[in-house]
Amino acid sequence: MSSTETDVDTRITEEQEHLDQVYARLDRMRSNTQRRLSSTLRESGGTPQARSERESYERMYTDDLAKFDAAEHNLYFGRLDLDDGETRRIGRIGVLDDDAADTTLLLDWRAPLSRPFYLATPAAPEDVDRRRHIRTRNRRVRAVNDEFLTLGEASADDVGHGDVVNENALVAALNAARTGEMTDIVETIQREQDLIIRSTHRGVTVIQGGPGTGKTAVALHRAAYLLYTHRDILSRSGILIIGPNDDFLTYIGQVLPSLGESGVLLSTVGDLFPGVHATARDDRQAAAIKGDLRMVDMLKRAVRARESLPAKPVPVDFDTYEVMIDSALVKEARAKARSTRKAHNLAQPTFLRAALDGLARAHAGTIGSSLLDGSQLLSGADIADIRTEMSQDPEIRRALLQFWPTLHPQEMLRDLYGDPAAVRKASPGWSDADRAALQRDTTFRQDDGSDFSPADVPLLDELAELIGFGTDDAERAERERWRRQLADAQDALDILTGSAPQDLEDELDPEILMAYDLIDAEQLAARQTDTQRLTTAERAHGDRNWAFGHVIVDEAQELSTMAWRMVMRRIPNRWMTIIGDTAQTGDLAGTREWGEVLSPYVAARWQLRELTVNYRTPAEIMTYATRVLAAIDPQMTPPTSLRSNGVEPVAIRTEAADRAPTAVAATGRPDLTGLSVVIVPSELHEQVRAVADAAADDSGHPPRVLTVAACKGLEFDNVVLVEPSAVVADSPLGLSDLYVALTRATQRLVVVHADDLPAELADMPAGQV
């Protein structure tokens, strides 16, 4: 055995001893926490305060166990040897030695003392003499790699590419096959990424970066870092992460637990309105119109149109008389309701009071006037009694409220889409084509809101604001209604208790329960505290009015103006991290310039940070993607690919009828490893998908077939792109879609086409399946 091999074995043995110590401590921590949780679950009864405290402990212990389980894989991954002799070991969570409380077995990767692991380079060593990268599997150390940062000892390989640190580990991670789930980069965070992850800026930070620059990974690690650093604030208010689609959320879903955090709410725009899971699909034109700021005025007009006047007097029977609800009465009541400047539903009580008051006065004038001189014979108290009786008459209330009805966002938007006349009235100055784009068949209605599209959800949120549905005022009104109901229930219980004859109670079998034995006011009030059992993320998901402590928006360039209005309602403190690349904007209503969408909310109080290194896309593929970027905007600077894998992209020309089988066959080559996908223009999706499903008869696992919109934010080892010219022609932003499609691959790109290739790909070498 060579001296080098002996040295490697010695280092592995040294780190294995420490790893054993760390896992022994982790197992004790897990066992102690499980014991405390079991003890807590066995307890019952007690005061409401005691129950609330137990529920808090239950949540804490459960969260700790989830954190321990998630950190199990590759728990210990880094070591720093400083030039003053200090040694720091870095892991996914912090672990203290239970035998020596002042001894740290592992530093949490988010701790300030861990920063040099990500920042130190030979040019700026940060007092680090040696950085060690430890790779483990199943609690065993598999490899150790040392980097000497003191220039006198560093080799050429140690210096690497400028600010790129842990290069060997980074390249190994980049070359590893994809699994369909995103992995964290906690072991390989780079300087430019770390500076963003740990930014202390408390406003809006925009992270602009090209494909493969690690924007999503940075966003997720920033969420974990903020929860670690500001846990007192964010554990109560929570962090919201908005992604482009469900596949994306599934893809990133395991990252935060592996970083020691599990309380973050992940959502798409289509799921941000409670009770609605929007899965319907709009064509590009309809989505663009729904995302336009013109929709605000249109929806305002639509709501006001529901505050109508009677075309002719409406007769209603009351106390053997016929009272008339006419236009003048409703118009006066409507003016008073609108003068409150409250949302529609919240102004309804004012409208009803004013209308009843006018109706009572008119009726009093009818029944109380003198036939001789017309003088008023009824007093104010008499009129008040009439008004009270009228307010309790369901027919009168129903007749009045048809002119100021209670509105619900979902039903109102469906009714609007199904009524061309209402759309026309609410959209003066619009073209007939724009109005027609909003119309659809509304007979298909789903309780879960799946008949809505993601572009509808911001409109539902806008309507909720205009109507007063789920707002602070509405919540206060609901709490007041609950207090009244609780008081009524208590009164009923008091009556039951007081009315039960004492001698009857004495004679009853003790096994027979009275009503007041079964329920009390405190039990009725328990519904107010049921939410204490939910996590912050679970409570926030069901509350449209929830104010998050921090919001992260990924693929933010796809958000429309209306979607930004909805997002901003959920983050009143404007502490946000926005991740995107305007060169990849595919939505016609999406963002092309950050200042344009942010200035209405934060003026110029936002900062732009850029990521410049492409970790995903090999240089061979990026050559073609860079040409497309230049066609999109010559002023944009492409990210620099970190690696070259020697695999040139190829183009396979075929007949139109053979495109689908050729594309599917290209994903099934025996020499391919990792995750494969076929990316298609929208018009070919169903055709290629059918061929892919048929190909699954033997393997049972059909290759994935996605449109460009569906693969936003995802990455695959092998990409087969079908008919890039059709991708470009599919939209006015088709070049941006092509740029996205070309940059999903981490290893290999194949283009299948019958039509001529776009000019940017015209010289791609010919290939075969």
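Just so you know, residue 1 is the first one in the sequence shown, and it goes up from there.
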TODO: Inspect the surroundings of CZ in R569 and state if more than 12 heavy atoms from other residues, nucleotides or ligands are less than 6.0 Å away.
DONE: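 Check passes, neighbour count above 12.
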Under 3.5 Å: donor-acceptor pair, side chain of [X], backbone of [Y]:
{"X": "S427", "Y": "W430", "value": "no"}
{"X": "D554", "Y": "I242", "value": "no"}
{"X": "D737", "Y": "V727", "value": "no"}
{"X": "S736", "Y": "A583", "value": "yes"}
{"X": "T279", "Y": "S450", "value": "yes"}

Could you tabulate the donor-acceptor pairs under 3.5 Å formed by side-chain atoms of residues 757-769, not counting sequence neighbours?
residue	atom	partner	partner atom	Å
D763	OD1	R627	NH1	2.6
D763	OD2	R627	NH1	3.4
D763	OD2	R627	NH2	3.1

Open item on the list: Against M576, only a single residue in I552, V567, L240 fulfils side-chain contact (heavy atoms from CB on, under 4.5 Å); can you say which?
Closed with: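 Going through the options one by one, the only one that passes is V567.
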Open item on the list: Using the side-chain contact (heavy atoms from CB on, under 4.5 Å) definition, which of the options V722, I679, V680, L706 pairs with H685?
Closed with: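 Per the side-chain contact (heavy atoms from CB on, under 4.5 Å) rule, the option paired with H685 is V680, out of V722, I679, V680, L706.
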Open item on the list: Within the 3.5 Å criterion, strictly below it, is a donor on R616 or T746 matched to an acceptor on the partner's side chain?
Closed with: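 Short answer, no.
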- [ ] Establish, from distance only, whether the side-chain atoms of T585 and E558 form a donor-acceptor pair under 3.5 Å.
- [x]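 Side-chain D/A pair, T585 to E558: absent.
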Open item on the list: Could you work out, with ring-ring contact (aromatic ring centres under 6.0 Å, His included) as the rule, every residue matching H550, not counting sequence neighbours?
Closed with: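 W575.
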TODO: Could you list all the side-chain hydrogen bond (donor to acceptor under 3.5 Å, both in side chains) pairs where at least one residue sits in residues 632-642, not counting sequence neighbours?
DONE: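 Of all non-adjacent pairs touching residues 632-642, none passes side-chain hydrogen bond (donor to acceptor under 3.5 Å, both in side chains).
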- [ ] Just jot down the side-chain contact (heavy atoms from CB on, under 4.5 Å) partners of D456, sequence neighbours excluded, or say none.
- [x]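 D456 satisfies side-chain contact (heavy atoms from CB on, under 4.5 Å) with K290, L413, Y417, R440, F452, S453, L459 once adjacent residues are dropped.
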TODO: If a pair satisfies salt bridge (charged side-chain N to carboxylate O under 4.0 Å, His left out) and one of its residues is in residues 739-758, list it, with sequence neighbours excluded.
DONE: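 Pairs touching residues 739-758 that pass the test: R653-D756.
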Open item on the list: Less than 4.0 angstrom from a charged side-chain N to a carboxylate O is my criterion; do D432 and R435 meet it?
Closed with: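 Salt bridge between D432 and R435, a charged N being under 4.0 Å from a carboxylate O: yes.
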- [ ] For the pair D434 and R294, find out whether any cationic side-chain nitrogen is under 4.0 Å from an anionic carboxylate oxygen.
- [x]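 Counted as a salt bridge, because a side-chain N and a carboxylate O are separated by less than 4.0 Å.
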Give the table of side-chain donor-acceptor pairs shorter than 3.5 Å for residues 594-604, with sequence neighbours excluded, one pair per line with atom names and distance.
residue	atom	partner	partner atom	Å
W594	NE1	Q208	OE1	2.8
S599	OG	G595	O	3.0

